Amino acid sequence: MTPGKRKVAVVGVSLSDCGRVDDATPYALHAQAARRALADAGMDRSLVDGFASAGLGTLPPVEVAEYLGLRPTWVDSTAVGGSTWEVMAAHAADAIAAGHAEAVLLVYGSTARADIKAGRRTGNLSFGARGPLQFEVPYGHTLIAKYAMAARRHMHAYGTTLEQLASVAVQARANAALNPDAMFRTPISTDDVLSGPMIADPFTKLHCCLRSDGGAAVLLAAEEYVRDCRTAPVWILGTGEHVSHTTMSEWPDFTVSPAAVSGRLAFERAGVRPDEIEVAELYDAFTYMTLVTLEDLGFCAKGEGGQFVEKGRLTVGGELPVNTDGGGLSAQHPGMRGLFLLVEAVRQLRGEAGERQVWKAGGRLPELAVASGTGGWFCSSGTVVLGRG
């Protein structure tokens with residue numbers, strides 16, 4: 001934190017009902033998550049003067065703020081896909097540190113699964129065919145295919161194997177088995193992943209995230225408010241953001257994600273090294289995302305992600321617990337999942353994760369965590385380093 005600026009803490013986190021939610025609107029999930037986050041912090045709604053949301057309404061976040069009964073004097077509607085919430089958290093922390101806001105509420109909610117089941121929408125294969133995307137969509141270049149191409153490139157360049165990618169899904173499911181709120185908890189094997197129906201080569205079904213309903217909320221506040229909050233603070237130590245490309249032809253290297261930049265910035269600003277991080281919550285729409293993000297954040301060298309994810313390193317009891325709630329591969333994935341990463345990181349640092357709680361040597365709680373979100377097809381990244389105490 002820059003000298004002379006206020007420290008910023010996460011003082012409240014929550015999830016709405018998640019998984020299969022057939023009887024709620026996205027607005028209701030926003031409201032449920034927001035109420036729970038305020039209750040978690042023990043903070044009155046009247047103190048919230050900043051609001052950030054994206055993805056819902058004609059005028060996001062104005063419509064959602066109105067639904068929640070808020071009249072904020074600081075707002076953010078940045079929309080960069082799954083990394084939206086880490087980027088918003090960075091913006092909110094900067095605003096609070098500078099005195100432009102006192103308490104900022106970040107909220108998300110989606111009924112992506114229920115809408116498809118009810119026929120209110122269909123599964124989208126692309127993000128549209130206007131602008132730069134017009135040069136890819138006519139050739140059947142789907143969202144999943146873009147990730148699959150990147151994974152194949154990594155396999156070609158570094159010898160990464162299907163079994164190594166599959167192990168990411170297996171370990172995510174092992175973590176989900178400890179999470180009573182995860183959508184899928186039954187253990188899976190490498191063979192289960194490899195033998196599933198092909199979605200986009202090399203991804204079979206279990207290489208891909210699930211589709212769920214759900215919402216989340218995170219409340220950030222200036223250091224002056226911490227003593228009056230119900231929960232122990234988790235401090236925002238450093239943040240970074242980066243955008244890379246939208247068309248695949250403008251992506252210099254399929255094996256490097258924008259987390260290589262956002263992560264470096266976040267760690268530098270936090271004054272910590274990747275090897276000091278004790279819990280990592282990473283966007284995992286596909287198994288390859290976890291692997292390459294681990295490389296780009298500096299947890300292993302470029303090309304060594306395949307070997308790194310082997311031997312249970314990513315499980316709750318592993319060397320570097322990753323996606324301790326089960327992630328988007330097994331817990332929940334209602335769309336732009338980046339806010340869920342922040343919620344889980346905070347719960348781990350506060351010691352509130354129940355059976356999936358990470359414990360370090362000597363029975364102590366972890367002190368440092370990182371949440372890194374990815375948007376689009378590795379188009380954007382936001383990384384947040386958080387610390388306890």
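One-based numbering along the sequence shown. Owing to the predicted nature of the structure, the values given are computational and were not obtained by experimental measurement.
The nearest pair of heavy atoms linking Gly109 to Pro26 is O-CB, 4.0 Å. Nearest approach of Leu15 to Ala216, heavy atoms of both residues: CD2-CB, 3.7 Å. What you find for Leu105 and Ala37 is that their closest heavy atoms are CD1-CB, 4.4 Å. Here the closest non-hydrogen pair linking Leu210 and Ala331 is CD2-N, 4.0 Å. For Gly215 against Ala33, the heavy-atom pair with the smallest separation is C-CB, 4.2 Å. When all heavy atoms of Pro233 and Val226 are compared, the pair lying nearest together is CG-CG1, 3.5 Å.
Within the structure, ring pair (Phe, Tyr, Trp, His ring centres under 6.0 Å) contacts touching residues 80-103 (residues at least two apart or in different chains) are Trp85-Tyr108. Contacts classified as ring pair (Phe, Tyr, Trp, His ring centres under 6.0 Å) and involving residues 323-349 (residues at least two apart or in different chains) are given here: Tyr283-His333. Among pairs with a residue in residues 44-53, none fulfils salt bridge (charged side-chain N to carboxylate O under 4.0 Å, His left out), at least two apart in sequence or across chains. Every pair passing ring pair (Phe, Tyr, Trp, His ring centres under 6.0 Å) that includes a residue from residues 15-50 is listed here, sequence neighbours excluded: Tyr27-Tyr67. Counting only residues at least two apart or in different chains, ring pair (Phe, Tyr, Trp, His ring centres under 6.0 Å) contacts with residues 189-226 comprise Phe203-His207, Phe203-Phe286.
Salt bridge status for Asp325 with Arg173: absent, with no side-chain N to carboxylate O gap under 4.0 Å. Salt-bridge check for Lys146 with Glu136: passed, with a basic side-chain N closer than 4.0 Å to an acidic carboxylate O. A salt bridge between Glu102 and Arg6 is present, with a side-chain N of the basic residue lying under 4.0 Å from a carboxylate O of the acidic one.
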> Could you walk me through whether Phe308 and Leu314 pass the side-chain contact (heavy atoms from CB on, under 4.5 Å) check?
Replying inline: CA-CA 9 Å; Phe308 186 85; Leu314 313 186; 4.3 Å; yes

>> Checking Asp213 against Thr111 for the side-chain hydrogen bond (donor to acceptor under 3.5 Å, both in side chains) test, could you report, in this order, the C-alpha distance in whole Å, the side-chain angles of both residues, the deciding distance, and whether it holds?
In response: CA-CA 4 Å; Asp213 308 309; Thr111 52; 5.2 Å; no

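Looking at Arg356, Arg185, Gln357 one by one, the single match for side-chain contact (heavy atoms from CB on, under 4.5 Å) with Leu178 turns out to be Arg356. Among the candidates Arg347, Arg35, Arg230, the single residue satisfying the side-chain hydrogen bond (donor to acceptor under 3.5 Å, both in side chains) test with Asp40 is Arg230.
For Arg364, the salt bridge (charged side-chain N to carboxylate O under 4.0 Å, His left out) test picks out Glu278, with sequence neighbours left out. Considering only residues two or more places apart in sequence or on other chains, Glu304 meets the salt bridge (charged side-chain N to carboxylate O under 4.0 Å, His left out) condition with none of them. Taking Phe51 as the reference, nothing meets the ring-ring contact (aromatic ring centres under 6.0 Å, His included) condition, with sequence neighbours excluded. Under the rule for a salt bridge (charged side-chain N to carboxylate O under 4.0 Å, His left out), the partners of Glu268 that lie at least two apart in sequence or sit in another chain are Arg264. For Asp22, the side-chain hydrogen bond (donor to acceptor under 3.5 Å, both in side chains) partners two or more places apart in sequence, or in a different chain, are Arg113. Checked against salt bridge (charged side-chain N to carboxylate O under 4.0 Å, His left out), Glu352 has the following partners two or more places apart in sequence or in another chain: Arg350.
Taking OG from Ser249 and CZ from Phe135, the interatomic distance works out to 9.0 Å, rounded to the nearest 0.5 Å. In this structure, the separation between CD on Gln171 and OG1 on Thr287 is 11.5 Å, given to the nearest 0.5 Å. The CG atom of Asp17 lies 4.5 Å from the CZ atom of Arg36; values are rounded to the nearest 0.5 Å. Residue Ser77 holds its OG atom at 9.5 Å from CG of Leu59, rounded to the nearest 0.5 Å. The distance from the OG1 atom of Thr293 to the CD atom of Glu281 is 12.5 Å, given to the nearest 0.5 Å. A distance of 7.5 Å separates CG in Leu342 from CG in Leu106, rounded to the nearest 0.5 Å.
With 3.5 Å as the limit, one finds no donor-acceptor pair spanning the side chains of Asp191 and Ser189. A donor and an acceptor atom, one from each side chain of Gln164 and Gln307, are nowhere located under 3.5 Å apart. Inspection of the Thr324 and Glu344 side chains reveals an N or O donor paired with an N or O acceptor under 3.5 Å.
Val10 places none of its side-chain heavy atoms less than 4.5 Å from the side chain of Trp235.
Enclosure of atom NZ in Lys117 is not indicated, since only 12 or fewer non-hydrogen atoms of other residues, nucleotides or ligands lie within 6.0 angstrom. Within a 6.0 Å sphere centred on CZ of Arg120, other residues, nucleotides and ligands contribute more than 12 heavy atoms.
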List the atom pairs, donor and acceptor, that lie under 3.5 Å between side-chain atoms in residues 380-389 and the rest of the protein, sequence neighbours left out.
from   : atom 1 : to     : atom 2 : distance (Å)
Ser380 : OG     : Val80  : O      : 2.8
Ser380 : OG     : Ser83  : OG     : 2.7
Ser381 : OG     : Ser262 : OG     : 2.7
Ser381 : OG     : Gly373 : O      : 3.4
Thr383 : OG1    : Ser262 : OG     : 2.8
Thr383 : OG1    : Ser372 : OG     : 2.9
Arg388 : NE     : Leu349 : O      : 3.4
Arg388 : NE     : Pro366 : O      : 3.1
Arg388 : NH2    : Leu365 : O      : 3.3

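For the pair Arg273 and Phe267, the cation-pi test (distance below 6.0 Å, angle within 45°) is failed.
Taking the six-membered ring for Trp and the full ring otherwise, the centers of Trp251 and Phe378 sit less than 6.0 Å from each other.
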